[in-house]
Amino acid sequence: MDEQPRLMHSHGVGMAGHPGLGQHMPDGTEGEGRKQDIGDILQQIMTITDQSLDEAQARKHALNCHRMKPALFNVLCEIKEKTVLSIRGAQEEEPPDPQLMRLDNMLLAEGVSGPEKGGGSAAAAAAAAAAGGAGADNSAEHSDYRAKLSQIRQIYHTELEKYEQACNEFTTHVMNLLREQSRTRPISPKEIERMVGIIHRKFSSIQMQLKQSTCEAVMILRSRFLDARRKRRNFNKQATEILNEYFYSHLSNPYPSEEAKEELAKKCSITVSQVSNWFGNKRIRYKKNIGKFQEEANMYAARTAVTAASASVCHNGS
DNA sequence: TGATATGATTTAAT
DNA sequence: ATTAAATCATATCA
């Protein structure tokens with residue numbers, strides 16, 4: 001297997017084309033000859049840039065067709081294989097960056113990198129309804145937030161796609177280049193792989209910057225809107241009366257069913273979770289200090305009694 | 001301005 | 001998933 005190259009090598013392949021190049025002149029003309037050679041080489045180097053692409057291509061082709069080319073190439077391959085062994089294994093590990101994972105998780109949690117949800121108000125409302133169990137759903141306050149979030153999301157995706165595309169383009173370009181070069185110099189698949197890895201790492205570091213700044217934007221948005229979301233506004237008097245009416249008329253079991261909550265929510269023009277919140281707060285606060293609520297309890301009891309009585313009268317009498 | 005009221009959120013239990 | 005309980009953060013009042 002390795003007989004051939006060595007054989008070729010030992011026969012002095014390098015001298016075949018240029019017998020006089022490395023020879024010492026016996027007399028004083030040595031200096032002259034050297035100067036001449038160097039001048040030639042310099043000249044060649046200087047004219048390289050002047051060569052047309054066709055010319056370069058032709059030269060390359062000529063080189064490829066040279067009868068010694070396969071043999072030379074084999075030698076190169078052999079040498080390469082030996083040296084590559086020492087290079088390889090330097091760094092193949094790629095532990096997932098915790099920082100990147102954190103960013104990814106956050107973007108996913110914020111719905112920036114998750115499945116598409118659209119930006120329309122209807123879609124936003126649907127999303128709010130879907131997430132209603134756990135999260136708050138005052139969608140009127142949220143629509144602005146959601147709009148801004150989807151804006152961020154869109155920018156993020158376009159940028160990400162752009163990077164992805166650029167990365168792919170660059171990779172294929174480099175691959176083509178390497179493929180082209182592999183005709184004149186030995187390139188192992190491992191090397192190509194390594195190169196691709198390097199490119200991907202570079203691009204992913206750019207992506208990381210994008211993710212970083214997106215996270216920042218989301219955080220700012222959150223701090224602005226989530227706090228606003230927390231800004232409390234008292235229910236209007238009518239709503240409170242309706243809720244209190246229900247509470248005190250069901251004082252023995254102040255746990256409205258899902259349907260009852262929905263109805264109350266509708267009547268008070270608040271959400272079901274707000275109704276749940278209200279009853280949760282009311283129950284615990286009532287229980288904690290019944291005395292304090294006695295007056296209120298009496299008032300509502302009286303009122304319901306009156307309405308009941310009047311209803312009864314209205315129904316029975318006259 | 002401090003005390004209190006009140007809606008929202010968090011935590012833990014079921 | 002619903003609730004109690006504690007807690008947070010603001011609104012309102014005196």
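Throughout, a chain's letter reflects where its sequence line sits, starting with A, and its residues are numbered from 1.
Within residues 239-250 of chain A, no residue is approached by DNA chain C to less than 4.0 Å at the level of any non-hydrogen atom. For DNA chain B, the neighbouring residues in residues 283-295 of chain A, judged by any heavy atom under 4.0 Å, are A:Arg285, A:Lys292.
For A:Gln274 and B:dG7, the shortest distance from a side-chain N or O to OP1 or OP2 is not below 4.0 Å. The side chain of A:Asn277 contributes no N or O atom lying less than 4.0 Å from OP1 or OP2 of B:dG7. Remark: A:Lys261 is not in phosphate contact with C:dA1, judged by side-chain N or O atoms under 4.0 Å from OP1 or OP2.
Under the side chain to side chain donor-acceptor pair (under 3.5 Å) criterion, A:Gln154 pairs with no residue at all, not counting sequence neighbours. A:Tyr248 pairs by the side chain to side chain donor-acceptor pair (under 3.5 Å) definition with A:Glu296, not counting sequence neighbours. Judged as a ring pair (Phe, Tyr, Trp, His ring centres under 6.0 Å), and not counting sequence neighbours, the contacts of A:Phe293 are A:Tyr286. Every residue two or more places apart in sequence or in another chain was checked for a side chain to side chain donor-acceptor pair (under 3.5 Å) with A:Arg285, and none qualifies. In this structure A:Asn281 satisfies the side chain to side chain donor-acceptor pair (under 3.5 Å) test with no other residue, sequence neighbours excluded. Not a single salt bridge (charged side-chain N to carboxylate O under 4.0 Å, His left out) links A:Arg283 to another residue, sequence neighbours left out. Residues passing the ring pair (Phe, Tyr, Trp, His ring centres under 6.0 Å) test with A:Phe279, sequence neighbours excluded: A:Tyr246.
One N or O on the side chain of A:Thr240 and one on the backbone of A:Asn236 form a donor-acceptor pair closer than 3.5 Å.
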Pairs of donor and acceptor atoms involving the side chains of residues 257-264 of chain A, under 3.5 Å and at least two apart or interchain, shall be tabulated with distances.
| unit_1 | atom_1 | unit_2 | atom_2 | d |
| --- | --- | --- | --- | --- |
| A:Ser257 | OG | A:Ala260 | N | 3.2 |
| A:Lys261 | NZ | A:Ser276 | OG | 3.2 |

Sequence neighbours excluded and cut-off under 3.5 Å, please list the side-chain donor-acceptor pairs for residues 159-167 of chain A, or say none.
| unit_1 | atom_1 | unit_2 | atom_2 | d |
| --- | --- | --- | --- | --- |
| A:Glu159 | OE2 | A:Lys162 | NZ | 3.0 |
| A:Glu164 | OE1 | A:Gln207 | NE2 | 3.3 |

Could you list the protein-to-nucleotides 11-14 of chain C atom pairs, N/O on both sides, closer than 3.5 Å?
| unit_1 | atom_1 | unit_2 | atom_2 | d |
| --- | --- | --- | --- | --- |
| C:dA11 | O4' | A:Arg232 | NH2 | 2.9 |

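Remark: C1' of C:dA5 and CH2 of A:Trp278 are 18 Å apart, rounded to the nearest angstrom. Remark: C1' of B:dA8 and NZ of A:Lys282 are 16 Å apart, rounded to the nearest angstrom.
Within a 6.0 Å radius of CD in A:Gln238, other residues, nucleotides and ligands contribute 12 heavy atoms or fewer.
Each of A:Asn281 and A:Pro256 has a nearest nucleotide on DNA chain C; the 5'-most of these lies closest to A:Pro256.
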